[in-house]
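Accompanying notes for the structure given below.
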Amino acid sequence: MASLNVGNLGEYLREQRRNAQLSLRQLADAAGVSNPYLSQIERGLRKPSAEVLQQVAKALRISAETLYVRAGILDAERDRDDVETRAVILADPSLNERQKQVLLQIYESFRKENGFGTDADDTGDEVPAQDATAGDAAEGGASIPGLGPRTTGGSDAGPQQTAG
């Protein structure tokens, strides 16, 4: 079954490389891997490490998580929605890298707040203490890099009282 995932990964990488209008050699240089090694990955002969996948994803400007799922590193069923959302954010050409990272941080804080953090999926309806704290910090006055402290309402606790 691993070879099927690797083949699927290779086909996907080849498609993404062609969409980016890069030659095999150009992608290998940009990702910091050898041309023959990348060719073997694309042909499904090698299963790359998560680190190599991350380098290739960065060179292609696509989500590393998507490559992890295709390589069988992440559980596709459990993580599919999260991976697809991250992929869409990272692929948006109208956002710069800083904006993409800030959006991903906000997205992750909302997931944690709603009990869908990395550990929450295995615990049922309860939110682990670390996830609840992270969600509360994001909701309270916590600073998200690039945005500064939160100063307006928007809590799920109900409408805010205003004077006068």
Side-chain angles (χ1 to χ4, degrees), residues 1-124 127-128 130-131 133-135 137-138 142-148:
M1 187 188 315
S3 62
L4 176 63
N5 283 341
V6 175
N8 185 21
L9 170 68
E11 292 169 15
Y12 180 76
L13 279 177
R14 182 178 294 119
E15 179 183 323
Q16 294 302 309
R17 177 176 58 80
R18 288 179 177 161
N19 288 342
Q21 298 180 343
L22 292 172
S23 70
L24 191 64
R25 185 175 308 278
Q26 289 171 321
L27 178 57
D29 288 343
V33 298
S34 74
N35 189 33
Y37 182 59
L38 185 58
S39 173
Q40 290 173 346
I41 293 170
E42 281 193 0
R43 290 181 288 143
L45 302 176
R46 295 278 187 154
K47 183 172 183 178
S49 68
E51 183 179 325
V52 168
L53 288 176
Q54 185 175 25
Q55 291 169 234
V56 170
K58 186 175 181 181
L60 287 170
R61 302 180 64 94
I62 62 173
S63 165
E65 288 87 353
T66 301
L67 296 184
Y68 296 159
V69 168
R70 293 200 179 253
I73 295 171
L74 285 179
D75 179 15
E77 294 303 315
R78 194 177 92 174
D79 299 323
R80 184 169 311 280
D81 290 340
D82 179 45
V83 168
E84 288 175 355
T85 301
R86 290 173 182 275
V88 168
I89 291 170
L90 290 170
D92 188 332
S94 66
L95 301 174
N96 65 39
E97 291 305 312
R98 183 185 74 58
Q99 291 168 331
K100 290 176 185 179
Q101 292 308 311
V102 170
L103 269 176
L104 288 173
Q105 289 172 351
I106 292 168
Y107 172 68
E108 186 61 29
S109 74
F110 285 148
R111 284 182 50 83
K112 286 181 181 179
E113 181 179 321
N114 294 332
F116 292 100
T118 53
D119 295 331
D121 292 334
D122 298 331
T123 61
V127 177
Q130 75 234 25
D131 287 345
T133 304
S143 175
I144 296 175
L147 291 181

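Below, each value reflects all heavy atoms present in this structure, side chains not excepted, and no hydrogens, waters or symmetry copies.
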If you take all heavy atoms of [X] and [Y], which pair is closest and at what distance?
X     : Y     : result
Ala59 : Ala31 : CB-N, 3.9 Å
Arg46 : Pro48 : O-CD, 3.5 Å
Gln99 : Ser94 : OE1-O, 4.3 Å
Glu65 : Leu90 : OE1-CD1, 4.5 Å
Gln21 : Gln26 : O-OE1, 4.0 Å
Leu24 : Arg17 : N-NH1, 3.3 Å

For the [atom1] atom of [X] and the [atom2] atom of [Y], what is their distance to the nearest 0.5 Å?
X      : Y      : atom1 : atom2 : value
Ile41  : Leu13  : CD1   : CG    : 7.0 Å
Ser39  : Arg25  : OG    : CZ    : 10.5 Å
Leu38  : Leu27  : CG    : CG    : 5.0 Å
Leu104 : Arg111 : CG    : CZ    : 11.5 Å
Tyr107 : Thr85  : OH    : OG1   : 3.5 Å
Gln101 : Ile106 : CD    : CD1   : 11.5 Å

Do NZ/NE/NH1/NH2 and the carboxylate oxygens of Lys100 and Glu97 come within less than 4.0 Å? yes
Taking the side chain from Glu11 and the backbone from Asn8, do they hold a donor-acceptor pair closer than 3.5 Å? no
Would you say the side chain of [Y] lies within less than 4.5 Å of the side chain of [X], judging by non-hydrogen atoms?
X     : Y      : value
Arg86 : Glu108 : yes
Ile62 : Tyr12  : yes
Leu60 : Leu67  : no

Would one find more than 12 heavy atoms of other residues, nucleotides or ligands at under 6.0 Å from atom CD of Gln55? yes
Do Glu51 and Ser49 pair up side chain to side chain, a donor and an acceptor below 3.5 Å, judged on atom types alone?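 The answer is no; no qualifying pair exists.
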